[in-house]
Amino acid sequence: MSKKVRVRFAPSPTGPLHIGGVRTALFNYLFAKKHGGDFVLRIEDTDQNRYVEGAEEYIIDAMNWLNIPFDESPNKDGGFGPYRQSERKDIYKKYADQLIASGNAYYAFDTAEELGILRKEYEAEKRTFIYNWHNREDLNNSLSLSSEEVSKKLEADENYVIRFKSPTNETLLLNDIIRGEIKIDTNVLDDKVLFKSDGMPTYHLANIVDDHLMKISHVIRGEEWLPSLSLHVLLYKALGWESPEFAHLPLIMKPIGKGKLSKRDGDKMGFPVFPTQWKTVDGETFSGYREDGYFPEAVINMLALLGWNPGTEQEMFSLEELVESFDLSRVNKAGAKFDPEKTKWFQQKYMQEKSDSELAVLFKDYLNRWCDSDLRWENNEERLVKIVSLLKERATFVSDFWEQGNFFFVAPDSYDEKASKKAFKEGTSEILKKVIELLNEVDDFSVKNISDKVKTWITSEEIGFGKVMMPLRLALVGAMKGPDVFEIAAVLGKEEAVSRINKVIGFLS
C-alpha cells in the first residue's frame, strides 16, 4: 500500500463494549498490524446525554486484556490528539462554515414542533417525511429565506442546525472492500444534520473531520454504518479531501432465531456478550469472558472466525498467525451466527495447549481468590502441577480443576450413596485395613510403588479388583470419579491417604 495504514476504533462511551464492537476493534488491529500501520482509539463522546462514567476505561482495559492494545489513544498521544471528540469541539465549526460557504450545507431554523407537525401531515397521507431536495426550499432555512433574514436569525441567537445539501439527480458509485461496488441514487438521501447551534457537531461531521485530520487510511466498521457511507463520501468530496477506503463488517447474529446478537441473548442462554465484567451504577452486574474464566487468546480466536474465512481448514490461530493471515477480502458479507459452544471448544483447545506449570500458576491464583483459606492443602507449585496434569484433559476452565479435583484439597465428609451400596460390603473394612498396612510399608510413596504393592497383594490373594479399588476410591474421593486411584493416593501423600481410609472404616463400623 502506497500510503501509511492508519485505522481507528471509535466507540461511544455509552456503556460496556459488546463483543460485536470487540470484533470490529480486532479486525482493525489485525489489518493495521498486517500492513505495519497504526491502531488508534478515538472516543466519540459528542452525545454527552448518553455518556456513562467508566465506559472509556472499560474499553481500554478490555483491549489490554485481549492483548490488542492501541498505538494511540486518549492516554497515548501519537501527534494526532486530542482523541476525545468532546475535547475537539472547537475544530468542527470551521468545517461546517466551509460547507456553508461552498453551498454544500445550509442553516435550518425549523423547530422540533414545526417538523413534528409536518411528519404528522405526511403520515396522514401515508407518506414518510424526508427533509431533502423535494421540500427544503419551502421550509424554514437559508435556502428559502433571504440573506438578511438569515443574518437576523443568527444575530438573535435563534436555534439552528446546519444541514448537508444532498445533491440531486446523481448516481453515486461507492466502493466497499467487502461488498464491492454500491450504487446510490442521491434523490433518496435526506439532508442530514451536521452541526447544532450548541456548538456540537453530529456524528457525521465529527467523524469525517477527525478521520481526515488523523490521516485515517481505512475505515473498518460495522454493517450498521453502511447507510451513512453515501453521506460520508459526499462530505469528503464537498470538503475537497481524499476519501479513505471503507469496509463494512457483517453483523454477529443470534445463536438461535433471527436478528443481531444482543445482551439479552447472553442473559437468556447463559453466556457472556461482553469481554469483561460490567457493573452498572445501579449495581447490576453483567458477566464477562475474563471473569467467566476464558483465556483472552480463545476469545480472540473465536471472534476472528466470526465473519472471516482464512481460506483453509485451520481453526486454531495465534495472534501472530491471525495478523499474518488476515485479509479483508476474505470477510463475508452475510451475518455470522454466534455459537457459544464453539467458544467453549476454543477455550478447551487452548487449555490443552498450555503447559502444566502455566495452568498451575493460574489454578493457584484461583484457589487463593475463590476457595476457603482454611482448606487443608500444601500450596506448593510441584503438587499443583501434578494435580493439573491429572485433571487437564477433561477441563475447559481453570475453575474445573477445583470442581473436578477438590478432593485433593479437602477430605470427603460423605460418600456417594449409589456407589456406596455397590462398594461397601461385608468384609470391606478388613480389606481396607489391609490396604492401610500395605501403604504403611511403602517408603517411597510413588504411584508405581503404591500400585505394585496393592496390585501384587490383590493378585496373590485372588480378590476381585473391584472389591478393593471401589471402596479405596470412595475413601479417597467420596465418589466414583477422578483420575487413577494410585495417582490420587500419591498426590495426597501417605498420611492423608491413610487418614481418609481410616475415616471410611469408621463410617462402615
Side-chain angles (χ1 to χ4, degrees), residues 16-30 33 39 58-70 252 255 261 266 269-278 285-308 310 314-326 336 338-371 381 384-405:
L17 184 62
H18 184 278
I19 57 167
V22 177
R23 189 198 56 175
T24 299
L26 172 63
F27 283 16
N28 273 277
Y29 174 89
L30 296 176
K33 298 307 153 190
F39 177 44
Y58 176 93
I59 292 162
I60 293 170
D61 177 55
M63 294 298 108
N64 286 336
W65 175 65
L66 290 164
N67 298 315
I68 51 172
F70 300 102
I252 298 179
L261 180 71
M269 298 179 66
F271 60 85
V273 295
F274 301 121
T276 60
Q277 189 181 81
W278 173 259
T285 300
F286 296 101
S287 66
Y289 280 93
R290 178 173 63 189
E291 290 73 18
D292 276 17
Y294 285 87
F295 300 135
E297 54 268 42
V299 178
I300 287 289
N301 204 149
M302 172 272 290
L303 285 174
L305 293 173
L306 272 180
W308 170 70
Q314 184 178 347
E315 289 191 283
M316 298 289 289
F317 288 86
S318 67
L319 191 56
E320 293 74 23
E321 288 172 324
L322 284 172
V323 168
E324 183 63 31
S325 305
F326 189 73
F338 181 75
D339 182 355
E341 291 309 309
K342 189 67 175 182
T343 315
K344 284 185 182 175
W345 181 87
F346 278 114
Q347 170 67 15
Q348 210 267 342
K349 288 289 183 186
Y350 278 99
M351 171 73 79
Q352 303 312 311
E353 284 194 353
K354 287 192 183 293
S355 70
D356 295 342
S357 55
E358 272 183 285
L359 292 172
V361 171
L362 294 172
F363 187 33
K364 184 176 182 178
D365 180 57
Y366 175 85
L367 291 170
N368 289 335
R369 277 191 301 144
W370 299 108
C371 296
E381 300 297 336
L384 290 178
V385 168
K386 183 61 182 173
I387 292 169
V388 161
S389 72
L390 295 172
L391 301 173
K392 180 178 174 181
E393 192 178 334
R394 290 196 178 101
T396 301
F397 300 100
V398 170
S399 58
D400 291 343
F401 296 142
W402 173 255
E403 288 168 20
Q404 294 174 14

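What you see below is based on every heavy atom in this structure, not just the backbone, and it leaves out hydrogens, waters and symmetry mates. Sequential numbering from 1 along the given sequence is applied to the chain's residues.
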Which distance, rounded to the nearest 0.5 Å, do you find between the [atom1] of [X] and the [atom2] of [Y]?
X: D61; Y: L17; atom1: CG; atom2: CG; value: 11.0 Å
X: L359; Y: K364; atom1: CG; atom2: NZ; value: 15.0 Å
X: L26; Y: L319; atom1: CG; atom2: CG; value: 7.5 Å
X: F363; Y: F401; atom1: CZ; atom2: CZ; value: 7.5 Å
X: F295; Y: Q348; atom1: CZ; atom2: CD; value: 10.5 Å
X: L306; Y: I252; atom1: CG; atom2: CD1; value: 5.0 Å

Which residue in the set I300, L305, I68 passes side-chain contact (heavy atoms from CB on, under 4.5 Å) when paired with L322? I300
Derivation of the ring pair (Phe, Tyr, Trp, His ring centres under 6.0 Å) call for W402 and Y366: CA-CA 9 Å; W402 173 255; Y366 175 85; 7.4 Å; no
Taking NZ, NE, NH1 and NH2 as the nitrogens, is one of them in E381 or K386 under 4.0 Å from a carboxylate oxygen of the other? no
Do [X] and [Y] touch side chain to side chain, with heavy atoms closer than 4.5 Å?
X: M302; Y: Q347; value: no
X: P16; Y: T276; value: no
X: S318; Y: E297; value: no

Do you know the tightest heavy-atom contact between [X] and [Y]?
X: W65; Y: P275; answer: CZ3-O, 3.5 Å
X: E353; Y: M316; answer: OE2-CE, 3.8 Å
X: S357; Y: V385; answer: CA-CG2, 3.9 Å
X: P272; Y: G288; answer: CB-C, 3.8 Å

Take K33 and E324, measure what salt bridge (charged side-chain N to carboxylate O under 4.0 Å, His left out) needs, and give me the verdict at the end. CA-CA 9 Å; K33 298 307 153 190; E324 183 63 31; over 6 Å; no
If the condition is ring-ring contact (aromatic ring centres under 6.0 Å, His included), which residues does F39 pass it with, not counting sequence neighbours? Y29, F70
Kindly indicate whether a cation-pi arrangement holds for K344 with F346, taking the cut-offs as under 6.0 Å to the six-membered ring centre and within 45° of the axis. no
Distance to the ring centre below 6.0 angstrom and angle to the axis at most 45 degrees; does that hold for R23 and F27? yes
Cut-off 3.5 Å, no hydrogens considered: what does the side-chain donor-acceptor table look like for residues 390-397, sequence neighbours left out?
unit_1	atom_1	unit_2	atom_2	d
K392	NZ	Q352	O	3.3
K392	NZ	K354	O	2.6
K392	NZ	D356	OD1	3.4

Is a side-chain donor or acceptor of H18 paired with a backbone partner of L261 at a separation under 3.5 angstrom? yes
Does E291 use its side chain to pair, donor to acceptor, with the backbone of Q277 at less than 3.5 Å? yes
Determine, step by step, whether I19 and F338 satisfy the side chain to side chain contact (heavy atoms under 4.5 Å, CB included) criterion, reporting the C-alpha distance in whole Å, the side-chain angles of both residues, the deciding distance to 0.1 Å, and the verdict. CA-CA 10 Å; I19 57 167; F338 181 75; 3.7 Å; yes
Paired with Y294, the ring-ring contact (aromatic ring centres under 6.0 Å, His included) test is passed by just one of Y289, F271, F274, namely Y289
Side chain to side chain contact (heavy atoms under 4.5 Å, CB included) between L362 and E358, intermediate numbers included: CA-CA 7 Å; L362 294 172; E358 272 183 285; 5.6 Å; no
Any chance the rings of F317 and W308 have centres within less than 6.0 Å? yes
